[in-house]
Amino acid sequence: MPDEYRTVARAGVHETEVNRSRFLCALAPAATEREAQDFVASVRKEHADATHNCYAYVIGADAAIQKASDDGEPGGTAGAPMLQMLLRRDMRYVVAVVTRYYGGVKLGAGGLIRAYGGAVGEALDAVGTRTRRRFRLATVTVDHQRAGKVQNDLRSTGREVRDVRYAEAVTIEIGLPDADVETFRQWLADATAGTAGFALGGEAYGDA
């Protein structure tokens with residue numbers, strides 16, 4: 001798993017114009033390929049009268065799934081430059097659809113590549129991106145007497161508290177960068193006089 005990746009902060013649309021052709025780039029986060037395909041379908045339905053609805057998406061923190069479509073534009077002039085722009089910006093779990101309304105002036109292959117890739121780049125700048133960083137999930141178990149102070153200390157030091165459960169003891173789920181695990185283990189032992197339980201779990205991504 002990569003240590004971090006970038007994705008779009010939200011869904012959004014940005015419009016550019018090149019030689020009287022309108023290019024509307026719709027961006028959205030997509031957790032799965034199905035979500036990406038559903039988004040493409042919804043944009044195509046909304047802009048059914050457009051000349052082209054080209055798309056590209058990248059799914060997976062390691063960019064395992066990559067798809068692109070020229071939707072009738074000359075091969076390699078739309079979907080591929082859109083996909084390259086997403087990859088160049090280290091974007092993951094994202095789908096881009098560029099809708100073109102033809103303005104009467106042919107752009108040529110080079111012009112199309114610049115227009116489609118540029119539409120995605122400008123949309124990423126306009127909509128905004130966020131970085132997601134890899135964490136180790138960990139579980140801290142403390143008695144009720146110490147739980148409040150431990151939670152406050154965790155939050156005041158910027159630790160990500162993901163969940164708190166109350167039973168005979170208090171279980172606190174947190175996210176830790178790999179490099180911090182041993183330091184945190186020592187801090188927890190010192191803070192609770194060695195009474196707290198600590199267990200490492202799997203890995204997940206959270207906002208950096």
Side-chain angles (χ1 to χ4, degrees), residues 1-16 23-47 50 52-71 73 75-100 112-138 158-163 173-181 200-208:
M1 292 171 72
D3 284 339
E4 63 182 43
Y5 66 85
R6 296 170 71 195
T7 191
V8 285
R10 58 183 175 83
V13 181
H14 180 73
E15 180 174 342
T16 56
F23 291 86
L24 289 81
C25 180
L27 291 170
T32 63
E33 187 170 17
R34 170 54 60 196
E35 277 187 28
Q37 291 169 344
D38 288 348
F39 182 76
V40 171
S42 71
V43 175
R44 280 185 165 162
K45 186 176 180 182
E46 182 183 351
H47 296 286
H52 305 280
N53 284 293
C54 308
Y55 70 80
Y57 56 78
V58 182
I59 308 297
D62 55 356
I65 299 172
Q66 303 176 21
K67 292 280 175 64
S69 166
D70 296 314
D71 192 36
E73 292 282 30
T77 62
M82 290 169 62
L83 181 61
Q84 285 306 310
M85 181 60 73
L86 292 176
L87 293 172
R88 197 179 312 149
R89 296 285 193 95
D90 291 325
M91 300 301 295
R92 305 289 187 265
Y93 294 106
V94 64
V95 53
V97 184
V98 175
T99 299
R100 181 188 183 191
L112 287 172
I113 289 169
R114 285 190 296 275
Y116 278 99
V120 173
E122 287 187 30
L124 289 171
D125 291 338
V127 171
T129 62
R130 59 180 179 152
T131 299
R132 305 274 287 167
R133 192 162 290 153
R134 183 163 59 93
F135 289 99
R136 281 299 294 273
L137 298 174
R159 303 291 182 195
E160 183 192 9
V161 177
R162 303 171 69 94
D163 189 30
E173 286 190 3
I174 60 170
L176 288 173
D178 266 342
D180 288 0
V181 169
L200 284 175
E203 295 181 326
Y205 284 92
D207 288 336

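Quick caveat, the model's predicted, so the values are computed rather than measured.
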With a 4.5 Å cut-off on side-chain heavy atoms, are Val58 and Met91 touching?
no
Is any side-chain heavy atom of Met85 closer than 4.5 Å to one of Tyr116?
no
Proximity of Tyr93 and Tyr5 rings by center, below 6.0 Å:
yes
Just checking Arg114: does its CZ atom have more than 12 heavy atoms from other residues, nucleotides or ligands closer to it than 6.0 angstrom?
no
Within the distance-only criterion (no hydrogens, no angle test), does the side chain of His14 pair as donor or acceptor with the backbone N or O of Cys25 below 3.5 angstrom?
no
Answer whether the closest heavy-atom distance between the side chains of Arg89 and Thr129 falls below 4.5 Å.
no
Any side-chain heavy-atom pair of Arg100 and Leu112 under 4.5 Å:
yes
Min side-chain heavy-atom separation Leu87-Gln66 under 4.5 Å
yes
Atom CZ of Arg88 and atom CG of Leu86: how far apart are they, to the nearest 0.5 Å?
10.0 Å
Roughly how far apart are Arg10 CZ and Leu27 CG, rounded to 0.5 Å?
9.5 Å
With rounding to the nearest 0.5 angstrom, report the CZ to CD distance, Arg134 to Glu4.
10.5 Å
Do Ile113 and Gln84 have side chains that get closer than 4.5 Å, going by heavy atoms?
no
Determine the minimum heavy-atom distance between Val43 and Ala26, stating which atoms define it.
CG2-CB, 4.2 Å
Any side-chain heavy atom of Thr32 sitting closer than 4.5 Å to one from Glu35?
yes
Residues Ala78 and Asp70: closest non-hydrogen pair is N-OD1, 3.2 Å
Distance col, row Thr99:OG1 vs Tyr55:OH, nearest 0.5 angstrom, shows 13.5 Å
Counting N and O atoms only, with roles assigned by atom type, does the side chain of Arg136 sit under 3.5 Å from a partner on the main chain of Leu200, one being a donor and the other an acceptor?
no
Under the 3.5 angstrom rule, does the side chain of Asp71 hit a backbone N or O of Asn53 as a donor-acceptor pair?
yes
Rounded to the nearest 0.5 Å, how far does CG of Leu124 lie from OG1 of Thr7?
9.5 Å
Grab the two heavy atoms, one from Val8 and one from Ala28, that are nearest each other, plus how far apart they are.
CG2-C, 3.6 Å
Between Ala56 and Leu83, which heavy-atom pair has the shortest distance, and what is it?
CB-N, 3.6 Å
Does the side chain of Phe135 reach to within under 4.5 Å of the side chain of Ile174, using non-hydrogen atoms?
no
Spacing of Arg92 atom CZ and Tyr205 atom OH [to the nearest 0.5 Å]
9.5 Å
